Amino acid sequence: MEYNFRDIEKKWQQRWVEQNTYKVSENQDKKKFYVLNMFPYPSGAGLHVGHPLGYIATDIYARYKRLQGFNVLNPMGYDAYGLPAEQYAIQTGQHPEVTTNQNISRYREQLDKIGFCFDWDREVRTCKPGYYHWTQWAFQHMFNSYYDNRQQKALPIEQLISQLEANGTEGLDVAQSEELTLTAAEWKAMDEKQKSDTLMNYRLAFLGETMVNWCPKLGTVLANDEVVDGVSVRGGYPVVQQRMRQWCLRVSAYSQRLLDGLDTIEWSESIKETQRNWIGRSEGTEVQFQLAGTDESFTIFTTRADTMFGVTFMVLAPESELVAKVTTADQKAEVDAYLEQVKKRTERERMIDKKVTGVFTGSYAINPFTGEKNPIWVSDYVLAGYGTGAIMAVPAHDSRDYAFAKHFNLPVIPLIEGCDVSEESYDAKEGIVCNSPRPGVTPYIDFSLNGLTIKEAIAATKVYVKEHNLGRVKVNYRLRDAIFSRQRYWGEPFPVYYKNGIPTMIPEECLPIELPEVDKFLPTETGEPPLGNATCWAWDEQKKQIVDNKLIDNKTVFPIELFTMPGFAGSSAYYLRYMDPHNDKALVSKEAAAYWQNVDLYVGGSEHATGHLIYSRFWNKFLFDMGISIKEEPFQKLINQGMIQGRSNFVYRIKDTNTFVSLGQKGQYDVTPIHVDVNIVSNDRLDVNAFKAWRPEYNDAQFIFEDGSKGDAAVEGAEYICGWAIEKMSKSMFNVVNPDMIVEKFGADTLRMYEMFLGPVEQSKPWDTNGIDGCHRFLKKLWGMFFDREGNLQLTDAEPSKDELRSIHKLIKKVTDDIENFSFNTSIAAFMICLNELSQIKSKNRSVMEQFAILMAPFTPHFSEELYETLGHNTSVCDAQWPVFNEEYLKEDSVKMMISFNGKARFPMEFPADADNATIEKAVMENPQTAKYMEGWTLNKVIIVPKKIVNVVLKK
RNA sequence: GCCGAAAUGGUGGAAUGGUAGACACGAGGGACUUAAAAUCCCUUGGGCAUAACGCCUGUGUGGGUUCGAGUCCCACUUUCGGUACCA
């Protein structure tokens with residue numbers, strides 16, 4: 001009987017649904033294991049074969065863990081808010097919810113065909129009120145929290161308020177936008193609006209005036225990770241820097257914990273390193289420079305405190321508030337012109353054209369170490385958002401300062417013995433300090449760094465600066481606060497209304513605030529975000545409900561926030577929601593959180609390294625501080641699956657004709673390569689008739705075949721061979737392979753196996769349907785081990801032989817180890833080897849074959865279910881027991897060892913398994929072949945590697 | 001520029017410092033077929049042999065450590081990711 005995958009897969013997929021095979025619940029008797037895929041954004045294009053790669057890997061691991069006796073949570077859901085659905089809505093008027101739901105149905109249909117063990121009862125969709133209820137809820141709690149640096153955790157804002165009432169900002173050590181100094185009296189004297197504005201400086205979710213990436217074409221702001229090369233990731237539109245009032249999350253408060261946490265999780269070193277760079281911790285020194293001729297001073301940040309004696313000028317960021325202050329009357333026109341010019345340049349222009357620009361302000365700063373007057377310049381190479389927005393320039397030891405100094409002809413003072421700064425700066429942190437102070441110069445202060453290493457000099461300077469009150473030691477982070485509002489329709493609405501200009505939270509018990517209906521998805525004519533089109537979008541404080549805009553009186557009825565939340569809002573805590581998805585009283589119940597803890601294994605693309613994976617960690621840490629999340633890190637182990645690229649096929653058309661030349665013949669003609677649909681090509685052979693039917697213009701195509709024959713159809717043996725290339729899988733290259741088609745042709749189990757067989761999960765690799773036959777053949781062959789031609793089970797109940805036991809236990813060990821190591825391609829090879837061994841010894845042993853089927857269950861669930869049932873079990877193979885490896889069976893009577901001379905392998909010899917080294921050495925030396933290789937040499941020593949090799953080391 | 005990962009047959013890829021190329025595809029040859037499909041068997045890194053199946057060479061390049069290196073160390077080349085005035 002043939003292996004009929006269509007019937008088998010249909011049967012089991014139905015049965016799994018009927019019997020709730022994959023439903024999980026908290027079970028205190030079993031150890032939990034939580035595996036998770038990054039949930040997909042349901043795009044209109046559906047899934048291609050690349051998408052399920054990670055899901056299959058996760059599914060295999062989940063099934064394996066279940067067979068090992070764990071209670072496995074493997075949920076799936078949809079990241080349903082997003083720009084494409086909204087763009088589509090703008091073009092067609094189709095509500096984003098409608099298209100999103102359609103896309104989700106299509107995804108679900110495709111996913112179902114592959115046989116995943118998802119517990120669909122736990123599905124979440126970020127656009128459902130029951131889900132975003134808890135996104136809004138978390139936002140409100142962030143709004144009502146501040147971050148205490150001493151306790152290193154988030155605390156309720158009320159604690160901060162009572163502090164301010166008691167002592168003002170005295171002794172406060174908290175995360176803040178800017179350092180404020182307030183007395184208790186000043187705080188108490190504030191009106192409500194002023195207090196609200198002041199608290200924004202501390203809240204973890206706050207309204208801030210910040211420089212944002214504004215995308216005029218999309219009419220919205222974008223996060224840093226949504227902008228690449230100065231254009232938007234979605235759509236590729238230009239992005240400009242603009243100062244705007246936006247909701248922000250104080251992610252930076254958690255910088256140190258985000259950094260420290262990386263040491264406690266099992267992620268790839270490369271992605272941890274990416275996050276470390278993104279967080280960008282740098283230890284440095286803040287030093288105050290006095291403005292010449294005044295009593296005022298300003299602060300700069302440097303990591304190179306050792307270079308204080310080499311400062312030759314100062315630079316301010318164009319956006320710095322100091323610029324206006326220090327610009328002299330003479331220079332004002334020039335400075336203003338420069339600021340104007342900088343403002344006009346977009347991010348993209350700055351990136352492409354990195355020419356040195358800047359302008360002198362007319363003022364000078366006094367170097368506290370040398371007493372020298374350094375000119376203060378303005379330049380856009382200094383960033384307002386980092387450090388203090390002001391730097392001391394040391395052109396000898398910083399390449400950017402150097403470029404600036406050369407361009408504007410400013411002096412360069414080398415500070416390292418023997419360094420050459422005539423052509424470029426010496427940026428390395430190695431060498432002995434000199435010129436600090438310079439010989440012959442009367443010391444301004446009694447302090448010298450000469451003769452120290454750079455490291456020592458930095459430390460010494462820090463101490464000096466601190467002791468003399470010139471500044472302080474400071475740690476800076478590159479990590480910026482996340483901008484948390486978008487001017488879009490299709491996102492979570494903010495549960496916030498504006499009470500006479502004061503942002504106020506809608507009471508927690510009134511959540512969720514549902515996204516209102518609008519008639520247009522574009523911004524309003526007055527430039528308000530799309531929610532400005534909503535007619536029923538006002539908050540009645542007394543009735544505690546949303547009411548018509550017309551009722552706004554700013555006494556009891558107020559306007560609601562028009563911004564919506566960004567894409568990462570809904571994806572930041574979804575893993576917690578899966579633990580308890582239907583709970584309408586809490587994000588997650590204490591019991592469920594205590595049981596499932598955090599994600600043990602998370603699988604997804606590495607492109608989220610600086611987006612989702614940072615935001616999620618931040619969000620989770622906040623919830624951890626609140627006592628909601630049990631673990632400080634959300635994802636214990638992370639695997640980044642590689643991308644599957646497309647393999648495009650080409651036909652070659654002779655220029656200005658409708659004749660196509662086969663690959664091997666094309667050299668003789670002047671041809672244009674044309675992408676051809678990979679679905680009408682098999683093993684690079686073109687289906688000529690399908691090609692002619694593919695496009696009307698190819699109806700009368702002529703061909704020159706590989707053997708040189710010509711015609712409009714292939715005659716006897718003539719083939720048209722296509723060229724190929726590895727490219728991104730995309731519609732425009734006609735190289736998209738759809739999983740449904742593969743399932744239809746070969747079955748889900750073959751697809752699952754083949755996707756894993758293709759290579760390591762973490763690695764990017766091209767999809768090539770050609771190789772899939774190998775996996776399909778393997779399944780057919782294995783099927784043939786169980787059944788004879790008539791479909792009768794042909795296994796026997798005899799005791800397994802030694803050979804059978806050795807084979808199957810080798811497999812148990814290999815597959816177990818490989819799954820643990822996420823090395824699925826090698827375990828599939830092991831299955832194939834084992835099958836060959838068993839078929840060679842004509843094994844028909846029931847218990848051996850049953851174990852084989854169970855070992856395969858994670859990879860080929862339908863296939864294994866069918867076999868398991870045939871073997872007389874009336875439970876799912878999912879609840880079978882994973883075979884236990886027994887080393888006894890691998891023991892051999894004799895071992896084969898390679899005899900080598902000076903490391904060069906020569907001939908094999910066989911020894912009894914228990915032979916000791918002396919016996920082996922003796923036998924080798926007595927072997928007649930050994931004499932041949934020893935001719936002209938004398939024996940030095942013999943090295944014996946157990947069970948592997950005997951190396952005879954010879955010398956002349 | 002900086003950070004990270006990688007480089008092995010025609011292809012995808014295997015190899016705790018111990019016979020490089022497992023496994024699979026493709027290709028070539030053969031068996032069974034009137035024929036095709038399916039299935040099965042053999043060959044398949046390169047070179048020289050083939051009287052006896054043995055020899056030489058080979059994991060991006062050049063050095064090194066080692067009895068022994070695809071694997072470890074140093075330098076370089078190339079490719080792919082990430083990031084970019086972060087002082």
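Remember, predicted model here, so these are calculated numbers, not experimental data.
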Which of the following nucleotides, [options], is nearest to the side chain of [X]?
X      : options                : answer
A:N825 : B:rA22, B:rA14, B:rA87 : B:rA14
A:I833 : B:rC23, B:rG12, B:rA87 : B:rC23
A:D380 : B:rC25, B:rG18, B:rC85 : B:rC85

Whether [X] contacts [N] is assessed here as follows: a side-chain N or O lying under 4.0 Å from the phosphate OP1 or OP2. Is that the case?
X      : N      : result
A:S764 : B:rC80 : no
A:Y3   : B:rA38 : no
A:R478 : B:rC3  : no

Just confirming the chi classification of B:rG45, syn or anti, using 90° around 0 as the syn window.
anti

Select base, sugar-phosphate, or nothing to describe what [X] touches, counting heavy atoms under 4.0 Å on all strands.
X      : result
A:M832 : sugar-phosphate
A:R304 : sugar-phosphate
A:Q763 : sugar-phosphate

For [N], give the paired nucleotide (Watson-Crick: N1-N3 plus N6-O4 or O6-N4; G-U: N1-O2 and O6-N3; both under 3.5 Å), or none.
N      : answer
B:rA27 : B:rU43
B:rC67 : B:rG18
B:rU78 : B:rA6

Check the distance between B:rA24's P and A:L782's CG and give it to me in whole angstrom.
14 Å

Does A:V678 offer a backbone N or O that forms a donor-acceptor pair with the side chain of A:N649 under 3.5 Å?
no

Do A:K765 and B:rU11 have a side chain to base donor-acceptor pair shorter than 3.5 Å?
no

I'd like to know whether the aromatic ring centres of A:F408 and A:W377 sit less than 6.0 Å apart in this structure.
yes

Can you check whether A:F831 reaches A:L782 side chain to side chain, under 4.5 Å on heavy atoms?
no

Are A:N476 and A:S282 close enough that a side-chain donor and a side-chain acceptor fall under 3.5 Å?
no

